[in-house]
Q: 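Take a look at this one; I'll ask things after.
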Amino acid sequence: MKAKYIYLLALVLVTQGSCKKFLETKPSDFLAPETYYNTEKELTYALTGIYDVLGSSDLYGDNVFYHFDITDEGVYGHAGVTAGVQVYNFSSSDPIVASTWETLYNGIGRANLLLENIDRPVMDEAKRKVIKGEALFLRGYYYFLLAQMWGDVPLILNTTTSPDDTQRPRTPLADVYKQVLADLKEAETLVQPIKTLGFGGRANKSAVRGMLARVCLYMAGYPLNDKAKYTDARDWAKKVMDDGEAGHALNNSYDQVFINLAADKYDIKESLFEVEFWGNRSDAYTESGRLGSRNGIRCTNVDTGYSLGRINATPRFYNRYQPLDERRDWNIAPYIYGGTNNAVREYWPESNTWQRSCGKYRRMYEVLLPKSTSFTPINYPVMRYADVLLMFAEADNELNAVPSAEAINAVNLVRRRAFGKNIHGENLSTITVANGGSGYSSTNLPVITITGGGGSGATARATVSGGRITAITITNRGAFYTTAPTVTITGGGGTGASAVAVITTPGDADVTPGDYSSQNNFRAFLHDERSRELCFEGLRKGDLIRWQEFIEEMRAAGTEINQIAASAYKFESRAGLNVSEKNYLFPVPTNEMSLNRALVQNPGW
């Protein structure tokens, strides 16, 4: 259980935080560094304080997925919200933007303080190196997040001790990234292998290498456009892929990756780094977040798993999937909860693609009881092996005029899992209504039974209109079919209906020759594949910006919603239609500008 990895902080270290903190006088309960950091235990407590920033509401506890990840994949589904970060209508005084800046610098300040005192205790040198490596990783990662959100930011690598040293100008982005790389590269030599740790909640060699690949991809894209970094990105991703000791591999089931996050199970082959959460706010632990309660499947039944269901997928994102891609109906829930006690699945009609909830984080799989209404113990996936495979393919493609077999194979591994090929053998592809029959009830639906074909597990439901069965929707594609099974229709008060099933064929998951016929074609395919695989994991906005596709994709998604959604839901087009060039970056918070006169505001703000 993750609880054993959560250290209770015995002491609160008052560190520099944001520029505002530089100007505060020393409080009476301040714990001076010279009286602390004297034992291994105290260093460990201090390291826990640096990790604690990850789970704050300003980062992975809430904002990253609820306010900052509104892209062409998902929208904020609340008609009453007309202003805010989530609809791209806010100012430099926005409190969410300000608190996130402050939180990241708070984490950096904690890391600086620990690193300045890392050599003080008499302790095992191997343990000291691990603590130092993890602190360096976290400092580098916090600066990476700052660089994504604000571009040039003040680079502070030591504790500010004087009010005279508070006017810090913004450091050029290339220099910020140079420091990020330096921190991560040193961390890679110090942290433990993931197999030694046995879980993904702490910095480890695989996580650091994967993050180095991600950082290098960002440096290769807009705005730095340092194309030489594609080679580094490919090489760091390849180190993860070739690490025989770690033995990284995709989980056979895409769904299971996220069930594990909810059920407090670790899978270090797939999950390289995740932010730890625990508790239900009724026990001693308060390390819980809102993943799933904000952006889960809409439900007001606490026992099932309460969720506001505020993040809805866009039609543009829904249509990015092929019908056989099993990730679609997991990531974009085809139902909400209603009916008796609001705990019964109510399926959306096939035509409705604008009200469907983000389904990635499903609270029904939580094991900690009783469940909280607002808070969840679901871990946040920061780095997965699937991402490493796709990063390798992207970087490799940018380095070759013709897509390589190795890059194509890396993508095919991701896609075969998505189509059930890793474990299922062949499964159902489609069920076509041959005869709709007559006299069927739309309230007491007929039962669809699927038998034979050498496989099992397939299920489906009927849609009835005007007494006829108009469609049969597969709800579980089953497994291990060798021939097409038989579809039997019974009940529902009607007669005469029949349907025919078709099973999948080997290779239908793989990238088609047309999609890898050129570097440009494969690039476009990879951009969509990252969305299909990594949606709602806080990566899409950064990807679109580094590809310089952000404005185009946001406007296209907003326009499409405005054209096809029912009138009551056209408000979901706000984010896409509100974006402009200034939204490539957040504004420097107003209060920071007033305290640090050396800061310059981002364009457009």
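Computed from a prediction, not measured in an experiment: that's the story for all the values here.
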Q: So, are Lys195 and Glu245 salt-bridged, with charged N and O less than 4.0 Å apart?
A: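 Result for this pair is no, no salt bridge flagged.
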Q: Which is it for Phe536 and Phe258 under the ring pair (Phe, Tyr, Trp, His ring centres under 6.0 Å) test, yes or no, and what are the steps along the way?
A: CA-CA 12 Å; Phe536 305 121; Phe258 304 98; over 10 Å; no
Q: Would a line drawn from the ring center of Tyr105 to the ring center of Tyr142 be shorter than 6.0 Å?
A: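 Centroid distance Tyr105-Tyr142: not below 6.0 Å, so no.
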Q: According to side-chain contact (heavy atoms from CB on, under 4.5 Å), who are the partners of Asn331, at least two apart in sequence or on a separate chain?
A: Tyr254, Tyr321, Arg327, Lys360, Cys535
Q: Aromatic contact between Tyr222 and Phe550, with the criterion being ring centroids under 6.0 Å apart: yes or no?
A: no
Q: Which distance, rounded to the nearest 0.5 Å, do you find between the CG of Asp52 and the OG1 of Thr103?
A: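 One finds 10.5 Å between CG of Asp52 and OG1 of Thr103.
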Q: Between Arg168 and Asn596, does the side-chain hydrogen bond (donor to acceptor under 3.5 Å, both in side chains) criterion hold? Intermediate values first, please.
A: CA-CA 7 Å; Arg168 301 289 188 99; Asn596 181 359; over 6 Å; no
Q: Closer than 3.5 angstrom, by distance alone: can the side chain of Arg170 be matched with the main-chain N or O of Asp152 as a donor-acceptor pair?
A: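 Indeed, once roles are kept as given, a pair shorter than 3.5 Å links the two residues.
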Q: Would you call Glu398 and Arg523 a salt bridge, using N to O less than 4.0 angstrom?
A: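 Between Arg523 and Glu398 there is a salt bridge, with a charged N closer than 4.0 Å to a carboxylate O.
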Q: I would like to know whether Glu529 and Arg415 meet salt bridge (Lys or Arg N to Asp or Glu O under 4.0 Å); could you show each step before the answer?
A: CA-CA 9 Å; Glu529 190 63 26; Arg415 289 185 58 77; 2.8 Å; yes
Q: Donor-acceptor check, side chain of Ser517 to backbone of Gly514, threshold 3.5 angstrom: yes or no?
A: yes
Q: Under a 4.0 Å threshold between the charged nitrogen and the carboxylate oxygen, would Glu553 count as salt-bridged to Arg320?
A: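 Looking at Glu553 together with Arg320, the answer is yes, because their closest N to O distance falls below 4.0 Å.
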Q: Aromatic rings Tyr385 and His248: how do their planes relate, parallel, tilted or perpendicular, breaks at 30° and 60°?
A: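 Ring orientation, 0 to 90° scale: parallel.
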Q: Would you say Lys132 has more than 12 foreign heavy atoms packed within less than 6.0 Å of its NZ?
A: no
Q: Just checking, is any N or O donor in the side chain of Asn379 or Glu276 under 3.5 Å from an acceptor N or O on the other one?
A: yes
Q: Phe68 and Phe586: aromatic ring centres closer than 6.0 Å?
A: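 Yes, they do, as the ring centres are separated by less than 6.0 Å.
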Q: Quick one about Tyr266 and Glu274 (side-chain donor to acceptor, distance below 3.5 Å, no hydrogens or angles considered), yes or no?
A: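 Result is no, nothing qualifies.
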Q: Answer with yes or no whether the side chains of Gln179 and Asp175 bring together a donor and an acceptor at under 3.5 Å.
A: no
Q: So does Glu394 pair up with Arg546, basic N to acidic O under 4.0 Å?
A: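 Here Glu394 pairs with Arg546 in a salt bridge, since their nearest N and O are under 4.0 Å apart.
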Q: Do Leu250 and Leu389 come within less than 4.5 Å of each other through their side chains, counting heavy atoms only?
A: yes
Q: Is the shortest side-chain N to carboxylate O distance from Arg417 to Glu270 below 4.0 Å?
A: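 Counted as a salt bridge, because a side-chain N and a carboxylate O are separated by less than 4.0 Å.
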Q: Taking the side chain as every heavy atom from C-beta outward, state whether Phe90 and Asn583 have any atom pair closer than 4.5 Å.
A: yes
Q: Among Trp547, Phe144, Tyr177, find the one that has a ring pair (Phe, Tyr, Trp, His ring centres under 6.0 Å) with Tyr218.
A: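 So the option named by the test is Phe144.
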Q: With side chains defined as the heavy atoms from C-beta onward, is the minimum distance between Arg214 and Leu184 less than 4.5 Å?
A: no
Q: Does Asp243 come within less than 4.0 Å of Lys205, counting only side-chain N to carboxylate O?
A: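 Not counted as a salt bridge, because no side-chain N and carboxylate O are separated by less than 4.0 Å.
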Q: Could you walk me through whether Asn251 and Arg384 satisfy the side-chain hydrogen bond (donor to acceptor under 3.5 Å, both in side chains) test, starting with their C-alpha distance in whole Å, then the side-chain angles of each, then the deciding distance to 0.1 Å, before giving a yes or no?
A: CA-CA 10 Å; Asn251 190 303; Arg384 294 196 289 115; over 6 Å; no
Q: Using a strict 4.0 Å threshold on nitrogen-to-oxygen distance, state whether Lys239 and Asp242 make a salt bridge.
A: no
Q: Which of parallel (below 30°), tilted (30 to 60°) and perpendicular (above 60°) describes Phe273 and Tyr141?
A: perpendicular
Q: I'd like to know if Arg416 and Asp510 make a salt bridge, using a cut-off of under 4.0 Å between side-chain N and carboxylate O.
A: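 A salt bridge links Arg416 with Asp510.
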Q: Within the 3.5 Å criterion, strictly below it, is a donor on Asn260 or Gln256 matched to an acceptor on the partner's side chain?
A: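 Distance-only check passes for Asn260 and Gln256.
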Q: CG/Leu138 to OH/Tyr143 distance, rounded to the nearest 0.5 angstrom?
A: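 Those atoms lie 13.5 Å apart.
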Q: How long is the straight-line distance from NE2 of His67 back to CG of Asp62, given to the nearest 0.5 Å?
A: 6.0 Å
Q: Does atom NZ of Lys178 have more than 12 heavy-atom neighbours from other groups under 6.0 Å away?
A: no
